[in-house]
Engineer: 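Take this structure, written in structure tokens, and hold onto it; I'll ask about it next.
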Amino acid sequence: MEPIVKLTDIHKTYASGEVKVHAVRGISLDIHKGEFIAIMGASGSGKSTLMNTLGCLDRPTSGTYSLDGINVSSLGRNERADIRNQKIGFVFQGFNLLSRTTALENVELPMLYAPRRVSAKEMRDRAMHALEIVGLAKRYDHLPNQLSGGQQQRVAIARALVNNPQVILADEPTGNLDTKTSVEVMGVFQKLNDEGITIVMVTHELDIARYCKRNLIVRDGIVVRDAAVNDRSFAAEELLKVAEAEAAAKLTHALFPHANAED
Amino acid sequence: MRVVATTIIALRALRRNKMRSVLTALGMIIGVGAVIAMVSIGNGAKSQVEASIASLGQNVVTVFPGNFTSGGARGGWGSASSLTPEDALAIQNEISGVVAVSAEVRDRQQVLANGLNWNTTIYGESPEFLGIRVWALADGLMFNEAEVRSAAKVAVIGQTIADQIFSGTDPIGKTLRIRNIPFKVIGVLSAKGFNYFGTDQDDAVIIPYTSAMRRVSRRTNLNSIQIQAVTPEQMPRIQQEITDLLQQRRQGRDPDFTVRNQLELAEAATATSRTMTALLGAIAGVSLIVGGIGIMNIMLVSVTERTREIGIRLAIGAHDRDIRLQFLIEAMVLSLMGGTLGILVGIGSSQLVSHLNGWPVLVSTTAVIVAFLFSGAVGIAFGFYPAHKAAQLDPIDALRFE
Ligand SMILES: Nc1ncnc2c1ncn2[C@@H]1O[C@H](COP(=O)(O)OP(=O)(O)OP(=O)(O)O)[C@@H](O)[C@H]1O
Ligand SMILES: [Mg+2]
């Protein structure tokens with residue numbers, strides 16, 4: 001089967017200022033439908049640069065990139081915008097929702113920029129459906145500042161989903177979240193991946209990377225390790241464990257109210 | 001172009017910042033309001049001047065005596081005394097396109113009746129005078145040609161005289177003494193009030209010019225001759241022909257008369273008010289530009305402040321032109337909203353001025369339409385640069401913007 005994403009010898013050099021920064025130095029990568037990849041690596045190793053290239057936000061200095069059979073490395077600014085709209089869903093570390101705009105309107109946003117006009121009713125229906133998938137349908141009229149970080153990130157995932165993209169790209173989606181909320185978000189990703197959606201994400205945390213199926217390690221702009229995850233974590237199980245632990249803690253506290261104080 | 005979607009986006013963005021939107025539009029509101037108010041007041045003044053000019057009569061050409069110089073002392077307009085009833089007759093007989101000619105002798109005199117007296121202007125006129133000035137009779141009759149020929153002692157009086165001398169009683173048939181000569185009142189003029197120049201047009205007694213010359217003022221010359229032309233277009237020709245005719249009648253002597261036509265007077269008066277309107281309009285126009293700069297300023301701030309939003313939109317698939325259109329529409333909506341409110345404010349404030357000061361105010365539809373279109377144009381002109389700046393942003397930089 002043809003890969004959805006095919007990167008061939010991608011280089012990216014930043015020429016701003018006196019020093020040239022060679023952020024990506026020859027990455028070749030195939031991503032197939034249904035994969036769930038975590039990209040890891042030290043700070044400054046070129047992960048975000050690679051993600052921006054994958055997301056058609058930036059053009060590689062050299063190398064070819066074909067997405068869903070289209071050679072996107074040669075496309076112009078607006079053509080790449082259409083590719084981003086139709087074939088890619090973005091989830092950012094900082095959520096990047098429009099402030100003072102309801103969850104529903106945020107999720108509708110990609111449809112407003114669709115090359116084909118979408119009727120108001122269809123927009124609303126599809127946005128509500130996407131919110132249902134991430135479990136936030138009830139909060140559709142809430143503003144971002146009325147939602148927790150995890151909920152905001154779920155709205156962002158709904159927005160990434162709404163145009164049925166080929167691949168969802170997430171640059172440190174759990175970077176601003178606590179452990180439990182991170183696991184919840186990973187649970188949403190796992191559920192989407194189980195339904196066949198391809199996901200590529202960047203993370204610093206090994207624990208989080210273990211929810212994925214394949215891990216890449218990038219160092220100084222090259223992929224130094226590319227392996228399948230053996231001992232994969234499952235969010236549903238982990239959340240259950242966390243819930244049990246919490247219940248146990250509560251029980252302990254109830255039985256021995258002064259237990260901690262004496263330590 | 002995704003115009004509908006972009007319009008929705010722009011309106012949503014404006015709704016998110018209601019207070020700021022209103023404050024931004026305030027510059028336009030004041031600018032357009034000022035334009036509308038100024039132009040309305042200017043137009044009102046102009047129409048009043050025009051009405052006053054019209055009150056001087058219809059298509060009137062007037063001959064005044066010129067200046068008379070004696071021993072180096074120049075007498076000024078009217079000092080020459082050579083305008084005669086024969087000149088008036090010659091004009092009547094020899095110039096075509098003339099409807100009516102009235103010889104005029106004016107004098108101020110004390111009039112009395114009923115033991116009351118009053119100082120007023122005595123108009124010695126021909127019977128055609130009322131027609132030329134478009135003055136109407138409220139009661140009675142105007143004197144006729146025969147009464148002029150016989151220098152009859154008859155008078156037509158204005159409303160002020162009727163009030164002051166005859167105080168309420170019917171003056172027709174009563175006797176009015178002018179320099180102790182009894183005149184019989186045969187008609188009363190309708191009230192006209194004060195004119196633009198501040199004179200009470202009802203403070204007048206009209207008698208045959210022959211009576212004025214022989215009995216009241218004891219003189220042989222006229223103060224002026226008023227000629228009514230058939231159409232306004234004929235006035236310049238008639239003016240020229242009268243000049244030639246009178247010149248010829250004076251057989252080579254220096255011209256001692258001036259011929260004016262009403263259009264010149266109207267022109268001069270309306271030119272002043274036109275200049276005023278243009279000046280006020282220009283000042284108001286400047287405030288519109290200032291309003292536009294206000295919009296540009298806020299739009300620029302808004303673009304910087306919303307860099308991240310622009311980054312999100314670009315990342316999600318917005319084209320350059322979607323972003324440009326969004327900010328242009330925002331600027332347009334702001335300025336048109338300002339324009340519309342400004343028109344209302346302008347109309348309101350000019351009505352208020354008219355109410356408080358009693359100035360005449362005339363809101364012109366043209367001014368309203370021009371102001372509306374102009375405010376839209378200001379929105380596009382001053383919104384373009386910020387919109388262009390927003391559209392040129394790089395999505396990655398914009399997303400990274402703090
Ligand atoms: N716009 C830019 N101009 C110049 N240099 C850049 C630019 N963007 C990134 N770089 C450089 O490219 C290199 C890779 O950056 P990149 O953001 O891809 O790292 P990263 O792996 O995402 O790091 P982190 O984990 O901290 O997010 C860094 O040395 C960075 O300084
Ligand atoms: Mg990064």
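Throughout, protein chains are lettered first and strands after them, A, B, ... in sequence-line order, and every chain is numbered starting at 1. Keep in mind that what you see is a predicted model, and the values were worked out from it rather than measured.
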Engineer: State whether the number of non-hydrogen atoms from other residues, nucleotides or ligands found under 6.0 Å of B/Tyr385 atom OH is greater than 12.
Structural biologist: no
Engineer: With respect to chain B, which residue among A/Gly94, A/Gly55, A/Ala114 yields the maximal number of heavy-atom pairs within a distance under 4.5 Å?
Structural biologist: A/Ala114
Engineer: Checking B/Leu314 against chain A: side chain, backbone, both or neither under 4.5 Å from a heavy atom?
Structural biologist: both
Engineer: Quick one: are A/Leu161 and A/Ile168 in side-chain contact, heavy atoms under 4.5 Å?
Structural biologist: yes
Engineer: Are B/Leu11 and B/Ile329 packed together at the side-chain level, in the sense that at least one heavy-atom pair is separated by less than 4.5 angstrom?
Structural biologist: no
Engineer: Under 6.0 Å between ring centres: does that hold for B/Phe384 and B/Phe382?
Structural biologist: no
Engineer: Between B/Met299 and B/Leu334, is there a side-chain heavy-atom distance shorter than 4.5 Å?
Structural biologist: yes
Engineer: So do the side chains of A/Val91 and A/Met201 get within less than 4.5 Å of each other, counting heavy atoms only?
Structural biologist: no
Engineer: Give, as side chain, backbone, both or neither, the part of A/Leu97 having an atom under 4.5 angstrom from any heavy atom of chain B.
Structural biologist: backbone
Engineer: If you check both backbone and side chains, which donor-acceptor pairs between chain B and chain A fall under 3.5 Å?
Structural biologist:
residue, atom, partner, partner atom, Å
B/Arg2, NH1, A/Tyr113, O, 2.2
B/Arg2, NH1, A/Ala114, O, 3.3
B/Arg12, NE, A/Glu105, OE2, 3.4
B/Arg12, NH2, A/Glu108, OE1, 3.3
B/Arg16, O, A/Arg100, NH1, 3.3
B/Arg16, NE, A/Thr101, OG1, 3.2
B/Asn17, OD1, A/Arg100, NH1, 3.3
B/Arg308, NH1, A/Asn96, OD1, 2.3
B/Arg313, NH1, A/Tyr113, OH, 3.0
B/Leu314, O, A/Arg84, NE, 3.2
B/Leu314, O, A/Arg84, NH2, 2.9
B/Ala315, O, A/Arg84, NE, 3.2
B/Ile316, O, A/Asn85, ND2, 2.9
B/His319, NE2, A/Asn78, O, 3.3
B/His319, NE2, A/Asp82, OD1, 2.6
B/His319, NE2, A/Asp82, OD2, 3.4
B/Asp320, N, A/Asn78, OD1, 3.4
B/Asp320, OD1, A/Arg77, NE, 2.6
B/Asp320, OD1, A/Arg77, NH2, 3.4
B/Asp320, OD2, A/Arg77, NE, 3.4
B/Ala391, O, A/Arg77, NH2, 2.8
B/Leu393, O, A/Arg77, NH1, 3.3
B/Leu393, O, A/Arg77, NH2, 2.9

Engineer: Who are the ring-ring contact (aromatic ring centres under 6.0 Å, His included) partners of A/Phe95, not counting sequence neighbours?
Structural biologist: none
